[in-house]
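Values reported hereafter were calculated over all heavy atoms of this structure, with side chains retained and with hydrogens, waters and symmetry mates removed. In listed order, ligands and their atoms are each counted from 1.
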Amino acid sequence: MKSLLSVPLSELESRLALLGQPRFRAKQIQKWLFTPGVTQFEQMTNLPKPLREALSQEFTLRTMHVAAILGTETDPAEKFLLELEDGNRIEAVILHNEQGQHSLCASTQIGCAMRCAFCASGLDGVVRNLTSGEILEQFLFAADVLASRGQRLSHAVIMGMGEPTANLDALLDALSTVTSENGLGIGARKITISTVGIPAGIQRLAELDHPYHLAISLHAPNDELRTRIMPSNCGTGVSAILRAADNYFEKTGRRVTYEYILLSGINDAPENAKELAGRLRGRNALVNLIPYNPVDELPFRTPSREKVQQFAQILESYGIQIALRHRKGEKINAACGQLRRSRKDS
Ligand code: SF4
């Protein structure tokens, strides 16, 4: 059955006309489509029963199903392994913060071609891009889960499996519905797109009318180290990424966040902190320090608490704004791609 999410309004109106229905029914249906918790046609109570039955013969409201869940609503993060229609699986994480806000961490690809050395998602490369409907459905899924508890999805980070700028058309298409008042109504300012730093992609994001918040996964202050842990750096380089980020800031006035995963003995030395501070000094930037979430098959380890504090203090002593992100996902295999790999054969 066809997903109703992928049917444009005009096509829906034509289909309804064939069923002898007035045009306004299409708007009614669209409204229901983005009402969290509405996953079946019979819940669309202002539609005539025969119409609901006819629609349910032809269309489906959800195409994904949950293959595994790790964590509960009392944990800071809940991870969902979602199975798509073609049997591929992706991860989506719902994050809860102390202020009672709930965010989705969404995926944009099945696997990832960037092959960052510390990441489980990149281990097998990329299978395919997600469609805009599959990206959008992750938002609806999270909104449904939260609605069932009387909670609301308010924020999102595009930081799950995949490199967002490698599937930007589909992502922006999905986000246009997510941010629309006729969709989920989540403001662009509450959505962060995280990228390894593809300058052309950053440029495109800078030119949007309503720019999303930009986060760049930097993870190293120089090309030698960055290329070692992030092969995609080869041919781009830290300087070009920082230039693209500066341009984004100039165009949008929005502060850029730099993500820095701390890997024990790799990029967590005081010299790394000083070099990073030197590169970012003078920029309106926030550095998000993230102690590494270990992945079984990978050799990287989490630095000690003291090492993390030392790194943070050095950055602060140079006037760099930092946020020390807690490892919300440790208990639930939340490092990107871990759950999918661990359930690969099941
Ligand atoms: S960290 Fe992000 S960009 Fe790097 S391999 Fe993993 S999913 Fe891809």
Subject >> Those residues that, when tested against Glu134, pass salt bridge (Lys or Arg N to Asp or Glu O under 4.0 Å) (two or more places apart) >> reply: Arg128
Original post:
Is there an N/O/S atom in Cys112 at a distance below 2.8 Å from atom 4 (Fe) of ligand 1?
Top reply: no
Original post:
Of the backbone atoms (N, CA, C, O) and the side-chain heavy atoms from C-beta on, which set of Met230 has a member under 4.0 Å from an atom of ligand 1: side chain, backbone, both, or neither?
Top reply: neither
Original post:
Near Arg115, which atoms of ligand 1 are under 4.0 Å from a heavy atom of that residue?
Top reply: 5 (S)
**OP:** Tell me, please, which residues at least two apart from Asp144 pass side chain to side chain donor-acceptor pair (under 3.5 Å).
**Re:** Arg62
Original post:
Which heavy atom in Arg254 sits nearest to a heavy atom in Tyr212, and how many Å separate them?
Top reply: NH1-C, 3.6 Å
**OP:** Would you mind running through ligand 1 and noting each atom that sits below 4.0 Å from a heavy atom of Gly162?
**Re:** 7 (S)
Original post:
For Arg305, does the CZ atom have more than 12 heavy-atom neighbours from other residues, nucleotides or ligands under 6.0 Å away?
Top reply: no
**OP:** Check whether the ring centres of Phe41 and Phe59 lie less than 6.0 Å apart, and answer yes or no.
**Re:** no
Subject >> Centroid-centroid under 6.0 Å between Tyr258 and His219 rings >> reply: no
**OP:** Please identify which atoms of ligand 1 are closer than 4.0 Å to at least one heavy atom of Val196.
**Re:** 3 (S)
Original post:
Counting only heavy atoms, which portion of Cys116 has something under 4.0 Å from ligand 1: side chain, backbone, both, or neither?
Top reply: both
Original post:
Going by the atom numbers of ligand 1, which of them fall below 4.0 Å from some non-hydrogen atom of Met114?
Top reply: 3 (S), 8 (Fe)
